[in-house]
Amino acid sequence: MLTKRLIICLDVRNRMVTKGVKFQGNVDLGDPVEMAAQYYRDGVDELVFYDIMASAEGRPIDIGMVRDVAKHVFIPFSVGGGIRHLEDMREVLLAGAEKVSVNSLAVKNPGIIREGARAFGNQCIVLGMDARRTTDPKYPSGYEVVIQGGRTPVGLDAVAWARQAEGLGAGEICLNSIDADGTKEGYDLELTRKVSEAVGIPVIASGGAGVPGHLVDVLTLGKADAALVASMVHYGTYSVEGIKTAMAAAGLPVRGKPSL
Amino acid sequence: MIVIVDYNAGNLTSVQLALRAEGVEAVISRDPAVIAAAERLIFPGVGAAGSAMEGLRGLRLDQTVRDFVASGKPFLGICIGCQVILATSDEDGGTACLGILPGAVKAFPQIPGVKIPHMGWNQVDFTRAHPVLAGIPSGSDFYFVHSYYPALEKASTRNVAANAAVALGETEYAGVTFPAIYARGNVVACQFHTEKSGPMGLRLLKNFCGWNGG
């Protein structure tokens, strides 16, 4: 049976994994290649790297980091943040990433999804989406798409945008709830379920994970295909094995830690 | 020398790096002479069957790959590589493939609630022993990304018994049980991305590099 994936997200700034702390700026957590290699050995199913400053600084993604990760990590990983055009996608994929993630670029230029899917295959193109709750009747799903870390609404309904991206050729959607992000009180189950039921491609739930039960909830009630975590594991509160054990105990199919 | 065939079909670096992690150096090439001279060939690929075949024909590598397989030297197809060595694919409105082995590539059925592509880690239950599977437990998880699956022609249904490939391991998705890895003679082909399948996938690659093709 296809397993439910546990994905770890590494936000990278100046070649350090970093974590935003409310009102305190960012704290550096470690070297991205070393952390990725350790999570790989721990049995994580997939990794996501976001170059969180590339977009703001208008510079390309740190390709050297992608190359180094690819030397040590033999599971799929995706790279996002700062993808500007098709050539950036090509460079990231040729450096060894399995997928590229586009977020604000796709909002501004939806055609990039189609171009990327044609050039590299749908499975390479992940739509990253930040969504937040709204009561504005303009958004029938009750969720609107935002960019720039949740600061800027773009006038798109989250479910409609997910369907549009699927139609353009996105192979997967990484769906982050701005409301839940950082709360550690659980994923936005309603948002995840609405998007996952609206599309035929896999959906990764992101934002809000605090305990393993939150992953179980979003992978069952939220109908997500994969769940993304960051601070749960970065601070050592939970291990990959601990989270997977909890998922398996709840009856979810998971990939066991491979040992040869 | 181990050669990875470059035909504009995606992520070759990953295969090269995975081999390097196992202490094996391989070259990436689209030169027919280099490919023909290889001691073993890896034929990877992502994307669609139609564009993969276009890439092969455009570089005039279709016959090169056929000739290599005919030489009897070890050959490993991965993902699209495991599909286009069969006769036909339903992808891209029907695509004539290399026809090295009998079989067809079919689309997963559309079932409400079942996501396509089949993306993620799934178990491969071994159905037959083979040197490339040495040391890997049956039921191990491998990483898949595909919307179409290989369907082998049964040896008994036509007069192709001598030419038929057999499944080494099977996987189930969307109600279909398909050969996730299959073999015939000097050919082994896997639908999963063995280069992205963690320690088990690396072990398979290492096993392939030590296999004599017989």
Side-chain angles (χ1 to χ4, degrees), chain A residues 1-7 37 40-46 66-77 90 92-99 117-124 126 166 169 171-173 196-197 199-204 223-226 253-260, chain B residues 8-22 28 45-48 51-52 79-80 108 110-123 134-137 139-147 171-174 193-206:
Chain A
M1 188 187 283
L2 182 64
T3 62
K4 296 287 187 181
R5 283 173 283 157
L6 171 63
I7 302 178
Y40 166 68
R41 288 191 292 271
D42 291 345
V44 74
D45 298 321
E46 196 165 323
V66 180
R67 289 206 184 95
D68 285 346
V69 169
K71 286 177 193 158
H72 296 94
V73 166
F74 302 100
I75 53 171
F77 67 92
R90 189 187 309 278
V92 164
L93 295 170
L94 288 178
E98 178 81 7
K99 311 170 187 178
R118 275 200 190 138
F120 314 114
N122 298 28
Q123 78 289 338
C124 288
V126 181
E166 178 185 26
E172 192 168 50
I173 293 173
S196 190
E197 285 180 344
V199 295
I201 53 178
V203 171
I204 304 166
K223 307 214 167 166
D225 300 283
V254 297
R255 167 183 169 245
K257 186 175 175 179
S259 55
L260 277 168
Chain B
N8 298 327
N11 206 336
L12 310 169
T13 319
S14 299
V15 178
Q16 192 179 36
L17 292 174
L19 288 165
R20 190 169 294 160
E22 292 297 318
I28 296 172
V46 297
S51 56
C79 196
I80 281 291
F108 281 117
Q110 307 255 349
I111 300 169
V114 176
K115 301 293 177 76
I116 303 291
H118 173 218
M119 182 187 283
W121 298 80
N122 203 338
Q123 298 84 54
I136 304 173
S140 292
D141 293 294
F142 290 85
Y143 185 76
F144 291 84
V145 184
H146 60 129
S147 303
T171 295
E172 189 274 333
Y173 190 69
H193 283 276
T194 196
E195 77 282 8
K196 290 282 186 183
S197 290
M200 300 300 170
L202 296 185
R203 177 65 192 259
L204 194 155
L205 280 171
K206 188 182 179 188

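Labels below follow one simple rule: chain letters A, B, ... track the order of the sequence lines, proteins then strands, and each chain is numbered from 1.
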Heavy-atom distance under 4.5 Å to chain B: side chain of Ala226(A), backbone, both or neither? neither
Applying a strict 4.5 Å limit to non-hydrogen atoms, the region of Lys99(A) in contact with chain B is side chain
Check each atom of His118(B) against the heavy atoms of chain A and say whether the ones under 4.5 Å are side chain, backbone, both or neither. side chain
Please report whether the ring centroid of Phe142(B) lies less than 6.0 Å from that of His193(B). no
Looking only at heavy atoms, which two atoms of Trp121(B) and Lys196(B) are closest? And how far apart? CH2-O, 3.5 Å
Would Lys115(B) and Tyr173(B) satisfy side chain to side chain contact (heavy atoms under 4.5 Å, CB included), going step by step from the backbone distance to the final call? CA-CA 10 Å; Lys115(B) 301 293 177 76; Tyr173(B) 190 69; 4.1 Å; yes
Could you tell me which portion of Ser197(B) (side chain, backbone, both or neither) has an atom closer than 4.5 angstrom to a non-hydrogen atom of chain A? backbone
Need one label for Ala48(B): side chain, backbone, both or neither, based on atoms under 4.5 Å from any heavy atom in chain A. neither
Atom CG of Leu93(A) and atom CG of Leu12(B): how far apart are they, to the nearest 0.5 Å? 11.5 Å
Tightest non-hydrogen contact, residues Gly171(A) and Ile201(A), listed as O-CB, 3.6 Å
Determine yes or no for a side-chain-to-main-chain donor-acceptor pair under 3.5 angstrom, with Thr3(A) supplying the side chain and Val254(A) the backbone. no
Part of Glu172(A) within contact of chain B (heavy atom distance under 4.5 Å): side chain
Any donor-acceptor pair under 3.5 Å from Glu172(B) side chain to Met1(A) backbone: no
Does Leu94(A) offer a backbone N or O that forms a donor-acceptor pair with the side chain of Thr13(B) under 3.5 Å? yes
Determine the option with the most heavy-atom pairs under 4.5 angstrom with chain B, choosing from Gly256(A), Pro253(A), Ser196(A). Ser196(A)
Relative to chain B, which of Pro202(A), Ala117(A), Gly43(A) shows the most heavy atom pairs under 4.5 Å? Pro202(A)
Measure Ile75(A) against the heavy atoms of chain B and call it side chain, backbone, both or neither at under 4.5 Å. both
Honestly, the part of Asp225(A) sitting under 4.5 Å from a heavy atom of chain B is side chain
Segment of Arg255(A) engaging chain B (4.5 angstrom heavy-atom cut-off): both
